[in-house]
Amino acid sequence: MVGEAVPLGAMWPLTVAWYADRLDPDFKPRSPHDYQQVLSSVGLRGDFWQLG
Amino acid sequence: MDDQQLRARIYSFFAEHGTAPSHRELELWAGGAEPAQAALHRLHEAHALVLEPGGGDIGKALPFSARPTDHVVRSMDRQWWANCAWDALAIPVTVGVDASIEAPWMDDGTPVGLAVKGGKLSSTDGFVHFTIPARHWWDDIAET
């Protein structure tokens, strides 16, 4: 199967970190570096998960 | 209303109504048809929302989809369409509600039967499959 399968146990904290502030009227996308750290924090490292 | 305020109104509308605001609402908020279209295209370019290909309609404001999909999130009397499995998890987080997630597992098509309650996911059995490397997520957001 092409791609990567991420366990729900990692998806949930990733989702909370990525999306919890999306309805904030002052929401601004974080920097690629910050999003990369969010991915790393749940174990998503390696070439497939590099944002830039 | 500046672009940031318009973005916030669009997101609030999705959260409340489960789909995109109409052209009439957008024009009212932006002060006319031309300013509305110009603002939507700026927001699209800024990746704050996704316009339908070749048109001025809002297709997505991640994690929300303006159009029906196979990933449905329900909470009380509200429902939303998600663009993908990740977005189905993201909608209860974004809106801040308990919700059920109705979507098929990719491998056998059976219902996932997931729910979010009190900020927790009902089960961690299963996987979300990503087919596109992270660096290309915005190249074609419809397939991510």
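Lettering follows sequence order; numbering is per chain, from 1. All figures in this text were calculated on a predicted structure; none of them were measured in a lab.
Put simply, B:W86 and A:V6 are part of the same group of oily side chains (I, L, V, M, F, W, Y) that touch within less than 4.5 Å, one to the next. Residues B:F127 and B:M106 do not share a hydrophobic cluster, clusters being chains of Ile/Leu/Val/Met/Phe/Trp/Tyr side chains in contact below 4.5 Å. The hydrophobic clustering, which links ILVMFWY residues whose side-chain heavy atoms are closer than 4.5 Å, places A:L14 and B:L114 together. Hydrophobic clustering (ILVMFWY, side-chain heavy atoms < 4.5 Å, transitive): B:W81 and B:L51 are in distinct clusters.
Sorted by first and then second residue, the salt bridge (charged side-chain N to carboxylate O under 4.0 Å, His left out) pairs involving residues 38-47 of chain B (not counting sequence neighbours) are B:D3-B:R42.
Taking chain A as the reference chain and counting heavy-atom pairs below 4.5 Å, the highest number among B:A8, B:A85, B:A90 is found for B:A90. Taking A:G9, A:P7, A:P25, A:A20 one by one and counting their heavy-atom pairs under 4.5 Å with chain B, the maximum is reached by A:P7.
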Apply side chain to side chain contact (heavy atoms under 4.5 Å, CB included) to B:L121 and A:T15, showing your working. CA-CA 11 Å; B:L121 191 61; A:T15 303; over 6 Å; no
Kindly determine whether B:V93 and A:W18 satisfy side chain to side chain contact (heavy atoms under 4.5 Å, CB included), including the steps that lead there. CA-CA 9 Å; B:V93 171; A:W18 201 281; over 6 Å; no
Chi angles and distances behind the side chain to side chain contact (heavy atoms under 4.5 Å, CB included) call for A:L23, B:F14: CA-CA 10 Å; A:L23 279 188; B:F14 265 103; over 6 Å; no
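If you measure heavy-atom distances from B:R9 to chain A, you find no contacts under 4.5 Å at all. Looking at B:T94, both its backbone and its side chain come within 4.5 Å of chain A, counting heavy atoms on both sides. For chain A, the nearby part of B:D87 is the side chain; its heavy atoms alone come within less than 4.5 Å. In this structure, no portion of B:I91 lies under 4.5 Å from any heavy atom of chain A.
Not a single donor-acceptor pair under 3.5 Å links the side chain of A:E4 to the backbone N or O of B:P133.
The shortest heavy-atom contact between A:L8 and B:D125 is CD1-O, 3.4 Å. Taking both residues in full, the closest heavy atoms of A:W12 and B:G119 are given as NE1-O, 3.2 Å, listed atom of the first, atom of the second, then distance.
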Name every donor-acceptor pair, under 3.5 Å, that has one atom in a side chain of residues 96-105 of chain B and the other anywhere in the protein, sequence neighbours excluded.
unit_1	atom_1	unit_2	atom_2	d
B:D98	OD1	B:G118	N	2.8
B:E102	OE1	B:R74	NE	3.0
B:E102	OE1	B:R74	NH2	3.1
B:E102	OE2	B:R74	NE	2.7

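Contacts of residues 28-35 of chain A with chain B at a heavy-atom distance below 4.5 Å involve A:K28, listed in sequence order. Residue-level contacts of residues 40-50 of chain A with chain B, in order of numbering, are A:D47, A:F48, A:W49, A:Q50; threshold 4.5 Å between heavy atoms.
Summarising the geometry, atom CZ belonging to B:F130 is positioned 4.0 Å from atom CE belonging to A:M11; distances are rounded to the nearest 0.5 Å.
Side-chain contact check for A:D24 and B:Y11: no donor-acceptor pair (N or O, by modelled atom type) lies under 3.5 Å.
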